[in-house]
Amino acid sequence: MSDGKLENAETVLEVNHLAVTFTGKETVHAVRDFSFTVHKGEVVAIVGESGSGKSVSAMSLLGLLPRNAVVSGDVKLDGKPLDVSYLSPEIRKIRGRQVSMIFQDPLDSLDPVFTVGEQIAEAVRVNDPKADKATVTARVIDLLKSVELPEPDTLRRKYPHQLSGGQQQRILIAIALAGRPRILLADEPTTALDVTVQQGILDLLHQISRSEGVGVLIITHDMGVVADIADQVVVVRNGALVEAGETVRLFHYPQNDYTRELLDAVPKTPLLGGSLGSDHAAAVVSATGATSAPAPAASDEQPVLKVENLSVSYAPRTPDVVHGVSFDINHHEVLALVGESGSGKSTIVRCVLGLAQQTGGTVMVDGVEYLKQRRREQTKTRHKIGVIFQSPMGSLDPRQTLAQSIAEPLIYALGVPRGDALAKAEELMDRVHLTRDMATRYPSEISGGQRQRVSIARAIALNPELLIADEPTSALDVSVQKDVIALFRELQRDLGFACLFVSHDLPLVASFCHKVVVLQHGQEVEYGPVESVFVHPTTDYARKLILSAPLADPEVQHERRRLREQAATA
Amino acid sequence: MSEQQSVSKKKAVGFAAAVKTPMFIVGASMVSLIVVLCVFGPLLLPYHPNDIDLKSMEAAPNAAHWLGTDALGRDVLARLLDGGRMSMLVGVAAVFVQVVVGTILGAVAGYAGGWADSFIMRITEIFQCFPFYPIAITLASLLGANIWNVVFIIGFLGWTGLCRLVRAEVLSLRESEFVLYTRALGLPAWHIIIKHLVRNCYPVILVNATLAVTWAVLSEASMSFLGLGVSQPNSSWGNMLSQAQSLRILSSEPWLWVPPGAAIICLVLSVNFIGEALSRAVTPNKPHIRDIDPPSTWKPTAKQTDAVQAGA
Amino acid sequence: MFRYLLKRLMIAVVVLFGISVIVFAIVHLQPGNPYASMLDPDTPPDVREEVMRKLGYYDPLPLQYVKWLGRALTGDFGYSIQLGSKVSFLIGQRIGNTVFLALVAAVIAIALAVPFGFYAAIRQGKVSDTVLTVVNFGIVSIPGFFFAMILLKVFSIDLRLLPSSGIVTAGAGYVGGQAILDILRHMIMPAIVLMLGEFVSYNRYIRSSAGNLLSAGFVAPLFAKGLNRRKVIFSHIFKNAAKPIITILCLQIPSVLSGAVITETIFSWPGIGLLSYNAAISRDYPLLMGIVMMLALVTLLGNLLADVLYTIVDPRIRLSGKA
Amino acid sequence: GVGDPNATGSTGGGDTITYALSQNPNGIFNPSLYGTDYDRAIIFNVYSRLVHVDKNQEFQPELAESWTQSEDGKTVTFKLRQDVKWHDGEPFTADDVVYNYTANADPDYPSGGQKFVSYLKGYKDFHEGKTKDFPGVKALDKYTVEFDFETPYPAMFSQLVDYPIFAKHIWEKVPIKQWKTDVDVLRKPVGTGPYKFKEFADGQYVSLEANPDYFGGAPKIKNLIFKVINSENLQAALTNGEVNIADVSDWNPSQIQAYKDAGAEIVQLPGSGGSYMGLDTTNPRLKDVKVRQALVYAADRQSIIDSVLYGHAKATNAIANPEDPNYPKDLNEYKYDPEKAKELLKEAGWTDTDGDGILDKDGEKFTFKIEYSTNSKLNSLVAPILQKNYQAIGIDASLASVDFNSLLSKLLDENQQFDGAFMGSTYRLLQYGANDFWSHWTGQGPAVTGTDLKSFGESASNYLRAQNEAATNVWLYVADKGFVVKGVDGFDPYPYETFLTSNQWTLKK
Ligand SMILES: Nc1ncnc2c1ncn2[C@@H]1O[C@H](COP(=O)(O)OP(=O)(O)OP(=O)(O)O)[C@@H](O)[C@H]1O
Ligand SMILES: Nc1ncnc2c1ncn2[C@@H]1O[C@H](COP(=O)(O)OP(=O)(O)OP(=O)(O)O)[C@@H](O)[C@H]1O
Ligand SMILES: [Mg+2]
Ligand SMILES: [Mg+2]
């Protein structure tokens with residue numbers, strides 16, 4: 001990769017003063033003033049907080065917005081002006097031929113009742129209407145090969161749901177490439193995917209831009225992805241351009257406050273950085289700020305949660321989803337459950353809470369198998385456990401006010417009178433830095449981060465001995481995530497609970513947890529202190545997982561890509 | 001997340017938004033008008049709906065009888081207003097039965113799962129398979145023909161749809177994390193069902209209930225046609241209309257069929273409007289992209305341009 | 001697939017059994033004697049009693065049920081009290097007429113509902129959509145029997161265009177094309193009445209499912225890859241809409257059949273609806289049970305058919321012994 | 001027919017008469033097992049009877065040429081016609097007649113059987129299966145049949161009028177037990193009447209064709225079709241030319257006018273079907289004859305006839321046709337008199353002690369539930385009038401409508417009580433007192449007896465007087481029978497005999 005080459009490259013897409021307004025019941029200025037340029041063979045990343053108008057901007061270039069959207073701005077494609085203000089014939093002509101788009105959710109973006117081959121063939125025929133059947137098929141197979149899918153001839157006869165997420169995303173890319181476009185608009189192409197799969201897609205996009213000279217515009221909120229793939233970065237906020245620049249420069253010398261805030265919010269993770277193998281546990285402790293967490297209690301004490309040989313199945317006579325997992329958590333200790341999506345993290349959480357069918361092993365809280373107890377005692381134990389579920393929206397009843405949600409366990413579990421409970425709820429809201437005037441709002445009326453805090457307030461209402469938090473930050477953008485984690489640390493220090501922390505975000509785990517369990521297909525592949533597992537992973541899977549988590553550091557990512565490419569050619 | 005946020009936002013304020021739509025306003029005011037007329041109207045009329053006057057049978061509308069008289073010289077207007085009470089009572093009460101039965105069974109089946117679910121679903125299928133009229137006739141003769149039996153029959157045979165909907169909703173709500181939370185907390189099942197599950201089914205229930213009103217009012221009319229509806233001497237719109245079932249009356253005595261016919265149509269139409277407004281509110285349509293229905297001009301409308309400029 | 005079918009059939013048997021118990025119970029719980037009208041009212045009481053005993057009227061109810069079930073399992077639904085003949089014979093004579101009428105009505109309804117439903121879905125929220133919605137509501141709000149009378153008045157009396165009732169011109173003995181024409185002329189009014197109610201529910205349902213499809217995630221990508229509107233709607237959306245259309249078709253079977261009661265009564269269309277009405281009115285319980293069981297079976301088969309057809313139109317669905 | 005034959009395709013040609021049936025026949029085309037008037041219409045055109053009644057309500061020979069009766073009334077001998085053939089060409093003989101009544105008495109006979117048969121000699125033993133021999137009816141020769149009675153039963157003639165004779169050679173092939181279920185035989189009737197059976201399209205029509213060999217003279221038209229058309233559609237069918245003859249079900253002048261406008265004429269004759277409200281004489285409130293009489297006085301029956309039936313009915317004061325020769329002329333007419341009703345009730349101890357407008361006695365209020373069946377439009381008009389009449393004299397009258405069969409089975413159940421129930425029956429000649437069963441009335445000992453028609457008639461008149469005095473029913477009316485006839489000549493019905501002249505019917509030119 002040489003910068004010199006890029007500077008001379010021709011400009012493919014030039015967007016100036018793009019604005020999109022939605023008219024209707026209320027007028028939404030989704031994009032106000034947005035400008036950027038994409039050159040041949042270059043990857044441009046657009047980053048910005050959720051709702052800042054990234055997707056809308058991309059869609060507007062292809063005229064894929066609803067009727068109530070009013071678009072204006074100067075757009076030049078290959079130097080020729082393109083009128084994006086209405087569904088002009090030119091816009092329809094460039095679709096799929098000069099500008100293609102890769103959509104965010106791969107399964108949702110494919111027509112479920114056509115085979116993937118047919119769907120690619122359609123795109124081929126758009127560009128070459130006179131092609132005969134054999135030509136089209138040949139081209140489809142070529143495309144499947146170019147996106148590195150195995151056995152293209154069987155694969156093309158499959159339906160979207162028969163493919164994995166990564167394969168589906170590759171199909172979308174193949175469709176996008178069918179018209180040999182000059183520009184590829186990729187809207188969060190990897191958000192729905194596992195880190196390991198994500199890496200493959202990013203490599204593919206990178207390779208396409210390099211080898212075919214396609215200009216790639218990638219939209220993402222993951223700074224790790226940006227660091228990994230982008231040549232240029234465009235930061236957008238509230239529908240307007242904040243800062244743009246070459247990636248390495250922007251990461252090291254951010255000019256704008258917002259950009260800086262964005263980069264600061266990314267967890268700092270020396271454990272995962274650089275080359276694997278150097279042993280520097282002490283450095284970790286100081287660098288992660290983990291010092292704020294009290295040291296784990298002596299190991300001769302009774303663990304708060306002890307899971308032994310746990311197996312779980314969702315329905316009778318179906319194969320287990322979790323096989324023989326064991327771990328324990330002491331007071332003041334935070335144990336992380338990590339692993340790719342679907343590896344059984346949430347399942348373990350559910351089983352610990354008695355919400356999934358345990359097929360083997362034991363779950364002990366304070367030394368008793370509480371799930372086997374009678375209802376009444378079981379309920380008592382349950383009151384010692386605080387729970388935060390994965391999605392902030394889903395974990396609050398949309399028809400309860402925030403105060404009601406927080407007070408519910410107090411009223412119905414402890415029998416606190418309603419008035420007192422509501423008063424206590426307001427105190428708890430103070431603790432999680434929510435203003436009291438929010439007490440009567442409904443979950444839909446507050447932001448995701450605020451909801452997360454309501455869940456936390458509710459979870460600590462009963463002063464839990466054990467806190468179970470299932471991906472409490474998965475759905476948040478980095479800045480909100482940072483706030484939530486800070487709050488978490490504070491609470492843990494004050495209340496001293498043991499914590500089971502589920503996450504797929506390795507940098508976050510590295511900075512926050514004491515012990516870690518790595519899961520693959522429901523099996524425990526690694527278990528131990530964070531420092532040893534992350535620094536000296538003993539299994540290939542763990543190593544791959546750790547390496548695939550993109551770090552928000554362009555140099556590290558470039559180095560990693562270089563190593564991968566070497567490995568591939570070797 | 002932002003999408004989820006906006007959808008749920010619409011849900012929470014959905015009904016409030018529905019109230020402002022023209023469809024809702026038209027429907028609600030028509031229903032209110034009908035209710036007011038039927039509740040208070042009879043008090044103002046000089047005739048009792050069952051007063052027989054054999055001297056003026058099937059009289060055309062005149063000064064004394066604004067809507068004429070029926071085959072026994074009874075005042076059609078008085079019977080119309082009084083019959084409206086019956087028809088609406090049938091509608092509301094039958095829906096009440098349906099909603100109560102359907103919601104409870106659906107919620108229990110969805111929440112409990114397992115054999116309870118299978119059991120309730122089999123019951124639901126059984127009821128679903130009953131052909132309406134033969135069973136209604138049989139039940140009517142088992143129970144005798146009167147308004148409460150009409151209510152019972154319509155409710156009894158009509159709850160399955162709502163039950164299935166509520167069950168489906170509860171099934172997905174049950175796995176939602178706020179319900180898992182209450183279960184993890186060890187709260188009693190009834191609390192979870194009533195406070196969380198059923199409450200979150202309100203949109204489904206409400207929309208379905210308005211459709212069920214339609215169904216009940218029309219079924220009462222059809223049952224009257226088959227001689228099973230509200231029985232003499234009481235009137236309902238259904239039995240007034242069914243008594244006018246002859247080509248003779250149809251061609252020469254419109255005052256006997258136009259009022260009840262128009263009343264049924266108005267009531268059903270307006271209830272449907274309300275239902276449609278509510279259902280549009282709770283199931284917000286994602287707007288289609290431009291290509292689906294391209295504007296004829298392909299240019300932003302003047303109104304849109306104004307809005308953009310005003311906002312900018 | 002096989003296991004799935006087996007399981008569904010087992011469920012169907014359970015459901016049919018439940019239906020038979022309930023219907024048997026409510027029919028027999030009716031006050032009085034179903035055979036009452038079989039004899040002259042002035043038949044001496046002792047003769048009456050003797051006939052009743054021979055008929056098994058004094059058997060305890062469970063025993064009567066077991067007897068009925070035993071025969072029903074061998075496909076014998078007994079004899080109609082009112083009409084004397086075998087229940088299976090009576091049903092066999094009528095079912096064809098109903099199915100024919102219902103099928104024609106359903107085909108017309110769906111043929112109209114698909115284009116109107118799609119049109120409304122495409123124009124969602126526009127004036128034309130609202131107009132269609134209001135028209136739909138207008139149609140549902142007219143009681144079917146009433147609408148039928150109006151048709152009769154207009155087409156039979158005023159215009160003298162169509163015959164008022166029956167399936168064929170009595171005793172005319174038409175053959176070939178003339179016979180078909182004759183049947184068609186008799187069928188127009190009943191089919192329209194039966195069709196309209198169905199049309200509205202099909203139309204509303206298709207409108208909403210097509211609406212969902214039109215805003216589904218895969219639509220924008222289709223346009224993005226350069227397909228035109230015609231191709232997107234007629235190839236992609238249509239194929240996706242097959243499943244909702246099948247659903248409504250199969251699941252509406254019971255409602256079409258029960259709607260036929262009214263239509264058949266008015267137009268003297270000799271179908272199963274009319275037969276079931278008479279059976280219920282005259283407490284002809286063997287006949288009623290036979291009809292109810294048959295309709296229930298048709299309903300269950302309709303549901304099963306829907307599920308099996310899904311697997312053909314929607315590759316995502318696999319039938320398994322589970323679920 | 002009138003109307004455009006191309007547009008309506010109506011009656012298939014100039015040689016067809018279509019007769020509307022308001023309901024589908026059940027298809028029980030056995031002359032002694034049929035249950036409905038619709039089956040009866042077919043049977044009376046396909047089969048013949050031993051005797052029929054003439055316009056003066058006297059019995060006339062049909063299949064029988066003549067008959068004689070012994071002094072003691074115990075033996076009746078019929079001489080049969082010798083020129084009669086079944087539609088399949090077999091000759092009609094005395095064996096057929098004997099077979100008919102032997103089957104009627106058979107233990108397996110799937111219905112109640114004709115009443116007079118049970119008065120025949122040896123009935124009991126034969127019916128209980130004790131012997132194979134039934135001496136009550138025998139063929140003296142090929143064309144002579146003798147009936148021997150245990151006790152004389154002159155009313156047999158009215159049953160002979162009602163039940164035509166079927167063919168032995170057809171029915172003996174089917175076990176008697178299965179007579180009501182064997183569709184193949186039931187639905188292909190072979191008779192001796194003016195028309196041959198051609199086709200039964202269930203639910204649609206029955207088509208008959210002329211029997212050129214009919215002993216009463218070959219019909220003048222080729223086809224007679226009975227078409228099922230519900231009464232609501234009749235006007236349309238008539239206008240359309242789909243129908244030539246139909247019953248009048250509504251005497252509303254505008255309805256009659258509509259028929260006339262459609263080109264039809266109205267044929268009206270005295271009816272034979274009566275309507276009344278049965279009173280439960282065992283009901284504690286109604287036990288007292290004064291109370292029942294009060295209920296009759298309080299009913300404004302003439303107004304009902306004048307308004308609901310537009311005068312097309314006769315008032316009755318007993319369960320019998322006022323045209324019946326045995327109907328006494330001196331019955332109490334119970335003219336509408338609410339004052340008298342109140343007086344009678346007062347005498348019976350019913351007064352309004354608490355001033356709420358409702359009569360009471362011993363603390364019990366006088367409630368009265370009027371039950372009527374839902375399948376009659378007329379009832380739903382008459383019942384509210386009666387309700388108002390009773391309310392006017394202080395009775396708390398209510399209405400309850402149930403389907404006909406529920407009502408019937410309730411009345412047939414001796415353990416159930418009722419107040420008043422609307423019933424209707426066909427008042428057949430020489431048949432009286434059958435309906436007392438419903439009123440649970442046993443006032444008049446062995447109801448009707450006599451060795452010959454004359455003494456039987458006197459006994460019948462006395463019976464009717466007693467019934468009239470006991471007020472076991474609130475007798476309402478016998479509605480006139482009406483026919484709408486369009487384009488048919490020679491249609492000449494009289495009471496009990498609608499089809500006797502069907503072989504004379506022709507289409508108007
Ligand atoms: N059809 C629409 N009508 C009205 N407002 C819309 C519409 N589509 C998007 N918006 C609004 O436009 C703004 C920008 O949305 P956009 O989808 O571009 O955000 P984004 O930056 O892609 O966010 P994310 O990272 O969550 O995908 C949001 O405030 C959104 O609510
Ligand atoms: N309710 C359920 N019924 C049946 N199978 C389920 C259910 N929930 C999850 N599974 C399956 O169990 C496995 C583990 O799922 P789980 O939700 O525990 O994964 P996870 O590690 O939490 O993934 P993610 O990171 O996506 O949350 C997956 O294969 C999933 O398909
Ligand atoms: Mg986006
Ligand atoms: Mg999870």
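Treat the numbers as computed from the prediction; the structure is a model and nothing was measured.
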(message) Given heavy-atom pairs under 4.5 angstrom as the criterion, report whether the side chain, backbone, both or neither of C/Val298 touches chain B.
(response) neither
(message) If you count every heavy atom of other residues, nucleotides or ligands that lies below 6.0 Å from B/Phe24 atom CZ, does the total exceed 12?
(response) yes
(request) Let me know if C/Leu288 has heavy atoms under 4.5 Å from chain B in its side chain, its backbone, both or neither. (result) side chain
(message) Rounded at 0.5 Å granularity, tell me how far NZ in C/Lys153 sits from CG in B/Leu250.
(response) 6.5 Å
(request) Please state whether the side chain, the backbone, both or neither of C/Ala121 comes within less than 4.5 Å of a heavy atom of chain B. (result) backbone
(message) Determine whether a donor-acceptor pair (N or O, by modelled atom type, separation under 3.5 Å) exists between the side chain of B/Trp237 and the backbone of B/Leu80.
(response) yes
(message) Heavy-atom cut-off 4.5 Å, strictly under: side chain, backbone, both or neither for C/Ser156 against chain B?
(response) neither
(request) State, to 0.1 Å, how close B/Arg174 and B/Gly110 come at their nearest heavy-atom pair, and which atoms those are. (result) CD-O, 3.2 Å
(request) Could you look at C/Arg229 and say if it's the side chain, the backbone, both or neither that has a heavy atom under 4.5 Å from chain B? (result) side chain
(request) Count the heavy-atom pairs under 4.5 Å between each of C/Ile233, C/Ile22, C/Val219 and chain B, then report the option with the highest count. (result) C/Ile22
(request) Heavy-atom pairs under 4.5 Å with chain B are the metric here; pick the option from C/Ile150, C/Thr299, C/Ile253, C/Val261 that has the most. (result) C/Val261
(message) Can you tell me which portion of B/Met23 sits under 4.5 Å from chain C's heavy atoms? Options are side chain, backbone, both or neither.
(response) side chain
(message) I'd like to know if the side chain of B/Asp70 reaches the main chain of B/Val76, judged simply by a donor and an acceptor atom lying under 3.5 Å from each other, with no hydrogens or angles considered.
(response) no
(message) At a 4.5 Å cut-off on heavy atoms, which part of C/Leu214 comes close to chain B: side chain, backbone, both, or neither?
(response) both
(request) Tell me, for B/Phe273 versus chain C, whether the close heavy atoms (under 4.5 Å) come from the side chain, the backbone, both or neither. (result) both
(message) With a 3.5 Å distance limit and no angle check, can you tell me whether C/Ser276 reaches the backbone of C/Gly273 through a side-chain donor-acceptor pair?
(response) yes
(request) Go through the atoms of B/Ser118 and report whether side chain, backbone, both or neither lie under 4.5 Å from a heavy atom of chain C. (result) neither
(request) Between chain C and each of B/Ile289, B/Thr214, B/Ile265, count heavy-atom pairs under 4.5 Å; write down the option with the most. (result) B/Ile265
(request) Please answer whether the main-chain N or O of B/Val230 pairs with a side-chain N or O of B/Asn239 as donor and acceptor at a distance below 3.5 Å. (result) yes
(request) Heavy atoms only, distances under 4.5 angstrom: which of C/Gly18, C/Ala12, C/Ser141, C/Ala220 has the most pairs with chain B? Name it, please. (result) C/Ser141
(request) Heavy-atom pairs under 4.5 Å with chain C are the metric here; pick the option from B/Val268, B/Ile137, B/Ile123 that has the most. (result) B/Ile137
(request) Using a cut-off of under 4.5 Å on heavy-atom pairs, state which of B/Leu269, B/Leu139, B/Leu241, B/Val271 scores highest against chain C. (result) B/Leu241
(request) Could you walk me through whether C/Val200 and C/Leu196 pass side-chain contact (heavy atoms from CB on, under 4.5 Å), step by step? (result) CA-CA 6 Å; C/Val200 172; C/Leu196 274 185; 5.9 Å; no
(request) Report the residue from B/Trp215, B/Phe156, B/Phe127 that forms a ring pair (Phe, Tyr, Trp, His ring centres under 6.0 Å) with B/Phe132. (result) B/Trp215
(request) Write down the atom of C/Phe223, the atom of C/Leu227, and the distance for their closest heavy-atom approach. (result) CD2-O, 3.6 Å
